[in-house]
Amino acid sequence: MSDTAVTPSTATFDQFGLAPDILKAVKESGYTIPTPIQEQAIPVVLAGRDMMGAAQTGTGKTASFSLPIIQRLLPQASTSASPARHPVRALILTPTRELADQVAANVQAYAKHTALRSAVVFGGVDMNPQSEQLRRGVEILIATPGRLLDHVQQKTANLGQVQILVLDEADRMLDMGFLPDLQRILNLLPKERQTLLFSATFSGEIKKLAATYLRNPQTIEVARSNSTATNVTQVVYEVAEGDKTGAVVQLIRERGLKQVIVFCNSKIGASRLARSLERDGVVATAIHGDRTQNERMQALDAFKRGEIEALVATDVAARGLDIAELPAVINFDLPFNAEDYVHRIGRTGRAGASGDALSLCSPNERKQLADIEKLIKRPLDVQRLTVEAPVRHHHEERAPRRERSSEGREDRGSRRRTGASSGSYDRPHHHRAQPVDDFFLKPYEPSPSSVRKIEEAAAAAAPQKPASKQPLAALLGGFGMPRKSSSST
DNA sequence: AAAAAAC
């Protein structure tokens with residue numbers, strides 16, 4: 001953030017008339033100068049107007065709506081313990097669980113000196129703690145649509161007093177087929193409310209959504225849509241499909257990349273690549289929709305803590321995720337949807353920092369490349385990449401499955417092995433044409449009976465403690481929580 | 001052609 005000190009803007013957060021408790025939190029978050037979208041959006045939201053915003057995350061979008069929402073709700077903040085005094089007054093919807101979590105963390109930080117309560121609900125995790133939190137009452141609720149509707153159905157969430165609705169990454173939500181869910185949610189809200197819609201693009205569908213649910217919205221656009229940040233250097237490397245894994249390793253090593261997100265087009269591809277990178281000595285883990293929510297969160301947290309060099313992701317991580325100081329993004333595959341390219345590379349070069357967007361393009365991906373160049377309205381720098389000494393050992397026999405299985409699952413591999421204890425680990429291996437081994441791709445799920453045994457054992461070991469603070473994941477030796485370990489109702 | 005999201 002120190003770079004922003006040279007920004008010629010003289011604006012400060014003081015100009016908006018935000019409460020001291022909010023300004024204090026802003027200061028503690030390290031922000032001093034509002035970003036362009038904040039400068040434009042905060043007064044509009046404070047005035048109670050509906051708004052359509054075109055901005056990507058990392059432009060300060062979350063604060064641009066969170067801060068004025070907190071300000072607007074402040075007069076109604078209650079210190080009462082009664083849940084009835086804490087109805088949901090602001091609802092923020094996001095397309096992915098990780099994004100919901102991230103927005104919630106921001107809201108929590110900005111509201112921490114106020115009496116307002118916030119909570120986040122999304123699928124893939126136990127409903128009960130969420131229900132309990134909702135029962136105690138929250139004024140600001142961040143959610144993914146499906147789980148929110150689940151809570152509504154269970155009567156653990158009541159949306160009858162919502163005054164402000166935020167649709168974050170609205171275009172993405174439509175892409176993902178959330179329209180019916182959004183319509184159901186919108187029908188549960190009071191007609192008299194403020195609605196804010198954020199979208200990367202204003203397509204016909206988005207305009208229709210806005211025309212239906214927003215009233216006389218003010219439009220705010222900070223960057224031309226589909227533009228890419230100028231501080232991100234984009235390079236495309238022509239490479240044979242089979243050389244891609246070697247190319248990723250080479251780029252990481254040659255450029256000395258400490259951290260990188262590597263995007264793949266498929267979940268299986270992401271899992272496979274993470275495993276291959278591990279074998280070449282890159283600390284890597286995969287994040288995609290076939291992994292449990294616990295595994296996804298652990299992967300992201302470990303990456304943010306700097307414990308992982310390469311986060312191999314599907315487009316679940318393409319939008320909105322804010323990872324500080326990410327120096328580079330690699331496209332292992334070029335996305336089929338050109339817009340996703342813009343979002344993917346938007347993970348780097350954030351908050352004014354510079355970043356590299358390195359894309360691998362095999363001969364059969366030329367069409368995708370052309371689509372991207374058309375969208376961003378400029379040709380990309382295409383270079384030929386010679387993959388030196390690909391880490392392949394064609395002369396070696398394929399390892400028997402039994403031996404490989406001793407490595408454990410792909411995500412366990414993120415904890416680097418020490419040479420001594422793993423005899424089979426350094427064994428040469430194949431890099432391509434490996435049959436997809438179900439063992440590595442299927443998430444590990446202990447049987448319900450074994451989970452019960454472990455829980456019983458844990459309870460017996462610590463009978464004094466009312467609720468074991470030890471997460472079940474830890475008891476399972478680092479494996480993720482099984483998807484359905486506990487009763488949902 | 002693939003990803004995401006409720007159970």
Side-chain angles (χ1 to χ4, degrees), chain A residues 92-103 120-131 134 141-157 159 167-185 188 200 241 261-273 286-293 295-297 299-300 311-321 331-344 347 362 364-369 371-372 436 441 443 445 448 481-489:
Chain A
I92 303 168
L93 297 177
T94 73
T96 68
R97 299 164 180 176
E98 278 75 10
L99 201 49
D101 208 29
Q102 179 181 291
V103 170
V120 58
V121 300
F122 50 75
V125 294
D126 194 352
M127 266 188 98
N128 294 329
Q130 297 176 356
S131 303
L134 290 171
L141 181 60
I142 300 95
T144 49
R147 179 55 69 92
L148 176 66
L149 284 169
D150 212 348
H151 278 290
V152 168
Q153 212 153 26
Q154 310 267 342
K155 303 246 188 285
T156 44
L159 305 179
L167 301 173
D168 199 6
E169 305 272 354
D171 52 340
R172 181 64 162 176
M173 287 201 269
L174 293 188
D175 286 349
M176 287 166 62
F178 273 137
L179 185 58
D181 282 354
L182 290 183
Q183 285 169 330
R184 288 173 63 199
I185 292 167
L188 296 165
E241 189 64 43
I261 297 184
V262 187
F263 284 104
C264 297
N265 284 357
S266 74
K267 294 180 280 195
I268 284 178
S271 274
R272 195 188 292 157
L273 178 61
I287 182 166
H288 57 66
D290 272 357
R291 305 204 67 200
T292 67
Q293 196 53 36
E295 288 168 335
R296 283 163 59 164
M297 291 189 283
L300 195 55
L311 184 66
V312 187
T314 57
D315 282 322
V316 68
R319 294 205 185 200
L321 287 193
N331 286 308
F332 182 84
D333 299 311
L334 286 181
F336 290 109
N337 182 351
E339 262 178 35
D340 287 334
Y341 173 84
V342 179
H343 292 291
R344 287 179 180 186
R347 296 316 99 215
S362 68
N364 56 3
E365 290 176 301
R366 298 243 166 82
K367 164 90 168 68
Q368 283 117 289
L369 179 60
D371 287 348
I372 290 163
V436 174
L441 299 177
E445 296 198 15
M481 279 278 262
R483 279 180 199 276
K484 336 168 78 167
S485 63
S486 51
S487 57
S488 44
T489 24

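Chain A is the first sequence line, chain B the second, and so forth, proteins listed ahead of strands; every chain is numbered from 1.
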Can you check the A:H288 NE2 to B:dA1 P distance for me, whole Å? 21 Å

Quick one: does A:T94's side chain have a donor or acceptor within less than 3.5 Å of a partner on A:T96's backbone? yes

Is there a donor-acceptor contact under 3.5 Å from the side chain of A:R319 to the main chain of A:E169? no

Sugar-phosphate, base or nothing in reach of A:D315, heavy atoms under 4.0 Å: nothing

Figure out the OH/C1' separation between A:Y341 and B:dA3, and round it to whole Å. 19 Å

Please state how far atom CZ in A:F263 lies from atom P in B:dA4, giving the value in whole angstrom units. 12 Å

Between the main-chain N or O of A:L321 and the side-chain N or O of A:R347, is there a donor-acceptor pair closer than 3.5 Å? yes

A:R97 side-chain N/O to B:dA5 phosphate OP1/OP2 under 4.0 Å: yes

Gap between atoms CG and C1', on A:D340 and B:dA1 respectively (whole Å): 12 Å

To the nearest angstrom, how far is A:L99 atom CG from B:dA3 atom C1'? 15 Å

Nearest to the side chain of A:F336 - B:dA5, B:dA2, B:dA6? B:dA2

Could you tell me whether a side-chain N or O of A:T156 sits under 3.5 Å from a main-chain N or O of A:H151, the two making a donor and an acceptor? yes

Can a side chain N or O of A:T314 be found less than 4.0 Å away from OP1 or OP2 on B:dA4? yes

Could you state the atom-to-atom distance from CD of A:E169 to P of B:dA5 in whole Å? 13 Å

How many Å lie between CZ on A:R296 and C1' on B:dA4, as a whole number? 8 Å

Between A:H151 (NE2) and B:dA5 (C1'), how many Å, whole number? 14 Å

Any side-chain N or O of A:S266 under 4.0 Å from OP1/OP2 of B:dA1? no

